[in-house]
Amino acid sequence: MLDQRLVRDNPDLITRELERRGLNVDLQPLQKNAQVQRSLEEQRSTLQGESNRIGKQVGILIKSGASPSSQEIEELRREGNKIKQKVALLEEQEKELSINLQKQLLSLPNLPSPYCPDGKNESENKEIRSWGTPRKEKSLLKHWEIADALGLFDSERSVRIAQSRFVTLLNHGARLERALINFMLDLHTKKGYLEVMPPVLVNSASLTGSGQLPKFAEESFRCADDDLWLTPTAEVPVTSLHRNEIIPLEQLPLRYVAYTPCFRREAGSYGKDTRGLIRLHQFNKVELYWFVHPEESLDAHEQITSDAESILQALELPYRVIELCTGDLGFSASRTYDLEVWLPGAGAFREISSCSTCNDFQARRSSIRTKEGKSTRLIHTLNGSGLAVGRTMAALLETGQQSDGSVLLPEALVPYYGSQLIQPQ
RNA sequence: GGAGAGGUGGCCGAGUGGUCGAAGGCGCAGCACUGGAAAUGCUGUAUAGGGGCAACUCUAUCGAGGGUUCGAAUCCCUCCCUCUCCGCCA
């Protein structure tokens, strides 16, 4: 959420910055609303002050022995009632305005960072660096072809269980998934991340706090009878871990790593990536999340990205780092690096991690602050996948595929998977 | 799911209509005492939004939302949550 004061005092700046995202937002009505709301609030609180004084005076009179039906008190009662009516009227107008205002504010995306390169869409994203040498032989298999032959997962039967875009991991596939999760968690916790396993059903306040609501309700699965949703990413519960908190300065930065399944409706991507592990309604992800002092977020962003990269490097998976341009930024992000892993079978780079700094956007929505001297200050939040597990498996299969149909895994996985080779039964 | 109890400041805990943002204690910070510390004493110690250069000041907040009243932490209604016992259950 954007700062309401900024809306009031400098709407042009917001308009200008949102234009960088390709949005055309007229903030004049919003600014007007914010100003009117403040003036109503001013009037109301002045009146309320008068009313409070009357109430106190009656109290004093009665305590000093005046009869409750004395003329003086009757007079004060009448006066109090008059004020009460005025206050009620103002309150009604103010409430309607601020509900409206809040709704509009919650629908505006974050402003792009000054470092975020301008651009219309993903075609204008910038490659920052790359790592490793992609396999580019002809006739390499796609991961689902390799997996089919090895019996690693079953998509068709999963339709029986749920619907399309679900998989059941089988045998070595299930084992590899488990190995990857442990491998990633271990690597990150060794670097000082605190491991958490949060609820994957989250309430709407949590989704609002991290930016998924109100705008992206159609992207998440909802439990019809409760105010609960299946989390689309661990970013949601982990943000809310500290919602409405003041975190002592000396505790920052807080760095969490969370493994959770993630659930997404993938509305609007019919026909895209219908096979394999790339785009599922349910997938596993290990997520990195930082709560940092506002002045640390720039460095933290580099660090969280590099922590995500370290998994790809340990798994010997070639990748490149892309900086998203303003037009491709996610709703809550002010700056984002995507890690794209090379999929030899597909012959393409695919996103496997997205590392974003949200500055104070989520912190304001979730009211997460720290204390500096006498005043409180919103902290900054960052998140990054470290990594999407299913896509990691896809990359491992395609990258390690051998001509005999087996798959050679990176050495780092041996202690976790138990072998360096996945072989046909 | 059934029965009961309860939600007050960082924590404990008083407060059942009247200058209550809320006694007291603990914790924390500063000061005093000390060679230093402990103990002791004094002072301070919530958040948000307005106004003021500032000292400061106004408003709101006692789980949430409504209501009664000149006045609500206190009374009434609805909801949420927590705890205990029973049942069920991984």
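Quick caveat: nothing in here was measured; it's all calculated off a predicted structure. Chain naming here is simple, since letters A, B, ... match the order of the sequence lines and numbering starts at 1 in each.
Around CD of Glu122(A), the count of heavy atoms belonging to other residues, nucleotides or ligands within 6.0 Å does not exceed 12.
OP1 or OP2 of C70(B) has not a single side-chain nitrogen or oxygen of Asn52(A) nearer than 4.0 Å. One finds a side-chain N or O of Arg369(A) lying less than 4.0 angstrom from the OP1 or OP2 phosphate oxygen of A48(B). The phosphate of G49(B) (OP1 or OP2) has no side-chain N or O of Arg8(A) nearer than 4.0 angstrom. Regarding contacts with the backbone of G49(B), a side-chain N or O of Arg5(A) is found under 4.0 angstrom from either OP1 or OP2. Phosphate contact (OP1/OP2 of C58(B), side-chain N/O of Arg53(A), threshold under 4.0 Å): absent. One finds a side-chain N or O of Gln48(A) lying less than 4.0 angstrom from the OP1 or OP2 phosphate oxygen of A60(B).
Ring-plane geometry between Tyr193(A) and Trp290(A) is classed as perpendicular, the angle between the planes exceeding 60 degrees on a 0 to 90 degree scale with a lower cut at 30.
Look at the P atom in both G7(B) and G15(B): the space between them is 11 Å, to the nearest Å. As rounded to the nearest Å, A46(B) and C62(B) have C1' atoms that lie 12 Å from one another.
Here Phe283(A) and Phe263(A) keep their ring centres 6.0 angstrom or further from each other.
Pair check for U43(B) finds A29(B); Watson-Crick or G-U wobble, both atom distances under 3.5 Å. With a cut-off of 3.5 Å on both pairing distances, A73(B) has no Watson-Crick or G-U wobble partner at all.
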Derivation and outcome, salt bridge (charged side-chain N to carboxylate O under 4.0 Å, His left out), residues Arg20(A) and Glu17(A): CA-CA 5 Å; Arg20(A) 293 179 61 208; Glu17(A) 290 301 316; 2.9 Å; yes

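Taking the side chain of Lys56(A) as heavy atoms from C-beta on, and the options C70(B), U19(B), A48(B), the nearest nucleotide is U19(B).
Nucleic acid contact for Thr376(A): sugar-phosphate only, since backbone atoms but no base atoms lie under 4.0 Å from a heavy atom of the residue. If you check every strand for non-hydrogen atoms under 4.0 Å, Arg78(A) touches nothing.
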